[in-house]
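All of these numbers come straight from a predicted model, not from anything done at the bench.
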Amino acid sequence: MSQTVEADVVVIGGGIAGLWLFRTLNTLGYRTLLLEQDSLGGGQTIKSQGIVHGGTKYTLTGQLTNASQAIAGMPERWRSALAGKGEDRDPDLRSARILSEYHYLWSPGDIGSRMTSFFASKALRGRVDALTKEQFPAIFKHNGFRGKVYQLNEIVLDIATITQALVNGLEDKTIKVDWSEQGNARLLTDARGDIDAVELVDSNGQKTLLKAKRFVLAAGEGTEALLNTWGINDPKMQVRPLQMVMVRHDHPEPIYAHCLGTTPLPRITVTSHPDKDGKWVWYLGGGIAEDGVKQSAEALIATAKKEMKALLPWVDLDQAEWDTLRVNRAEPKQSRLLRPDAAFCQPVANGIVTWPTKLALAPNLSDEVIRLLQEGSVRPAGDENFSMPEGFSRPEICPNFWQGHFEEGKAS
């Protein structure tokens with residue numbers, strides 16, 4: 001004998017996009033549950049660099065692109081939420097940790113007159129500020145540095161604390177699921193192509209049919225398997241892979257910056273994350289991570305060591321620990337694997353398929369889903385006591401990306 005639970009919305013996927021949406025819908029009074037197969041904030045979210053992009057890195061061609069325009073307002077949206085002064089429906093993220101109030105752009109030499117003029121143009125006013133040497137972050141106040149530094153209106157966040165802030169007080173509305181053949185969750189569809197329900201089995205073997213007016217797929221890379229189970233052929237997903245580099249060391253000065261190279265993609269993007277032993281883990285993305293996809297971990301680490309020595313010669317990394325981390329960025333399929341410009345939301349039957357494309361765009365994705373709910377006349381029921389029956393496990397917060405590497409002695 002099964003029991004039935006009626007929700008307004010079921011969000012499938014507990015990454016940054018699913019969590020922001022889940023929090024917002026509950027704030028608005030929607031009876032909303034979140035299903036997560038692994039851990040909250042896992043996958044792409046925890047493996048991101050935590051940068052709330054304002055689109056500046058998409059202007060390195062010397063012109064404003066659609067991508068830079070679409071994302072331009074996101075840093076201020078996040079700053080308001082982090083200050084507890086966001087829009088009424090936005091989450092209060094005051095308990096989360098900001099690693100750096102600004103991200104930076106640096107050139108190891110002469111940036112070139114064309115880019116210098118562009119960064120000083122009216123088009124980028126308020127998004128890019130040239131700094132004097134006295135204003136440089138500490139990492140660049142060394143005699144060996146000869147380049148230019150620009151301050152970007154972009155925040156760098158501690159992702160684990162953002163995840164915790166988004167789920168605080170709503171834990172009883174989250175369910176850990178297993179979509180595998182032997183797992184506790186199954187997607188049930190009907191003859192019309194709708195999702196009829198999610199069938200869940202609790203720890204006592206009791207079946208629950210979870211029904212909803214809308215099912216929102218926000219499972220990142222896992223969305224493809226759910227679409228296949230559902231029998232949906234459009235939209236399709238693409239994956240753009242990276243191989244990131246991690247450096248754990250004792251140098252006291254953190255760095256949060258893109259290094260300008262000879263292509264529109266940053267030569268290297270570095271963020272710094274404190275570990276439990278008081279050391280820094282520098283996380284390297286940008287061009288080096290894209291180029292490193294086809295390299296072995298050993299070859300990529302060798303390349304990264306040479307790059308860091310060339311770019312920051314005053315930083316001693318001889319005793320550092322090095323490792324790599326592969327990341328798949330899941331997105332709606334584009335021609336030629338191009339990066340989508342904005343968050344993606346597409347209604348399909350009684351579902352909405354989403355990919356945020358960037359951590360920064362989680363608020364944008366939430367806005368779009370709410371617009372689609374309103375257009376579909378899905379109104380909040382306003383039941384604050386709504387939750388799942390007992391007997392289901394709750395997903396935990398994902399540990400930081402370097403755990404399982406340095407802390408277990410696996411790094412080189």
Side-chain angles (χ1 to χ4, degrees), residues 11-22 24 41-61 64-78 81 103 152 154-157 159 162-163 166 216-227 232 234-242 244 258 264-266 269 271 285-287 289-290 293 326-348 351-372:
V11 177
I12 303 177
I16 193 69
L19 285 167
W20 187 293
L21 175 63
F22 169 63
T24 302
Q44 284 177 255
T45 297
I46 199 65
K47 293 176 183 177
S48 76
Q49 294 188 280
I51 306 165
V52 179
H53 285 293
T56 308
K57 79 171 193 173
Y58 303 132
T59 68
L60 298 184
T61 56
L64 290 175
T65 64
N66 289 337
S68 71
Q69 297 288 62
I71 204 171
M74 290 298 106
E76 287 309 314
R77 181 84 174 267
W78 277 87
H103 204 245
L152 311 180
E154 301 179 346
I155 327 162
V156 186
L157 306 173
I159 293 299
I162 290 290
T163 302
L166 287 169
V216 179
L217 275 58
E221 194 174 358
T223 295
E224 185 172 54
L226 291 167
L227 289 173
I232 298 300
D234 181 52
K236 295 184 183 300
M237 190 181 83
Q238 71 182 28
V239 171
R240 290 190 299 122
L242 298 171
M244 312 285 286
H258 304 294
L265 183 70
T269 295
T271 54
E290 297 206 2
V293 168
R326 289 190 178 271
V327 184
N328 282 333
R329 295 167 295 180
E331 302 163 343
K333 188 172 180 61
Q334 310 284 297
S335 61
R336 294 180 288 123
L337 279 181
L338 294 175
R339 178 192 300 107
D341 288 336
F344 178 90
C345 300
Q346 179 174 316
V348 179
I352 302 173
V353 181
T354 74
W355 287 280
T357 74
K358 277 288 179 191
L359 178 144
L361 288 165
N364 172 235
L365 184 146
S366 181
D367 292 345
E368 287 300 299
V369 170
I370 290 166
R371 179 183 63 79
L372 291 170

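The two atoms that bring Thr45 and Ile16 nearest to each other are OG1-N, 2.9 Å, heavy atoms only. Between Val11 and Ala218, the closest heavy-atom pair is CG1-CB, 4.4 Å. Taking both residues in full, the closest heavy atoms of Pro241 and Val293 are given as O-CG2, 3.2 Å, listed atom of the first, atom of the second, then distance. Closest approach of Trp20 to Ser366, counting heavy atoms only: CD1-CB, 3.6 Å. Shown here for Thr357 and Glu331, the closest heavy-atom pair between the two residues is O-OE2, 4.4 Å. Minimum heavy-atom separation, Ala289 to Met244: CB-SD, 3.8 Å.
Applying the salt bridge (charged side-chain N to carboxylate O under 4.0 Å, His left out) test to Arg326 and every residue at least two apart in sequence or in another chain returns nothing. Judged as a side chain to side chain contact (heavy atoms under 4.5 Å, CB included), and not counting sequence neighbours, the contacts of Gln346 are Asp234, Pro235, Phe344, Val348. When the side-chain hydrogen bond (donor to acceptor under 3.5 Å, both in side chains) test is applied to Gln44, no partner is found at least two apart in sequence or on another chain. In this structure Ser48 satisfies the side chain to side chain contact (heavy atoms under 4.5 Å, CB included) test together with Ile159, Leu359, sequence neighbours excluded. With sequence neighbours excluded, no residue forms a salt bridge (charged side-chain N to carboxylate O under 4.0 Å, His left out) with Glu224. Residues meeting the salt bridge (charged side-chain N to carboxylate O under 4.0 Å, His left out) test with Glu221, sequence neighbours left out: none.
Thr223 places a side-chain N or O within donor-acceptor distance of the main-chain N or O of Ala219, the cut-off being under 3.5 Å. At distances below 3.5 Å, at least one donor-acceptor pair connects side-chain atoms of Arg329 with backbone N or O atoms of Arg240. In this structure a side-chain-to-backbone donor-acceptor pair under 3.5 Å is present from Asn364 to Ala343.
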Handout entry: side chain to side chain contact (heavy atoms under 4.5 Å, CB included) evaluation trace for Met74 with Leu361
Key = CA-CA 7 Å; Met74 290 298 106; Leu361 288 165; 4.0 Å; yes
Exercise for the section: Show your reasoning for whether side chain to side chain contact (heavy atoms under 4.5 Å, CB included) applies to Leu226 and Val353. Expected result: CA-CA 10 Å; Leu226 291 167; Val353 181; over 6 Å; no
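Taken from CD1 in Ile12 to CZ in Phe22, the straight-line distance is 13.0 Å, to the nearest 0.5 Å. A distance of 10.0 Å separates OG1 of Thr24 from CG of Leu365, quoted to the nearest 0.5 Å. A distance of 8.0 Å separates NE2 in His258 from CD in Gln49, rounded to the nearest 0.5 Å. One distance of note links OG1 of Thr354 with CG of Leu217; it measures 7.5 Å at 0.5 Å rounding. Taking CD1 from Ile162 and CG from Leu19, the interatomic distance works out to 10.5 Å, rounded to the nearest 0.5 Å. With rounding to the nearest 0.5 Å, the separation of CD1 in Ile51 from CD1 in Ile155 is 11.5 Å.
At least one side-chain heavy atom of His103 sits less than 4.5 Å from a side-chain heavy atom of Thr269. No side-chain heavy atom of Leu227 sits under 4.5 Å from any side-chain heavy atom of Met237.
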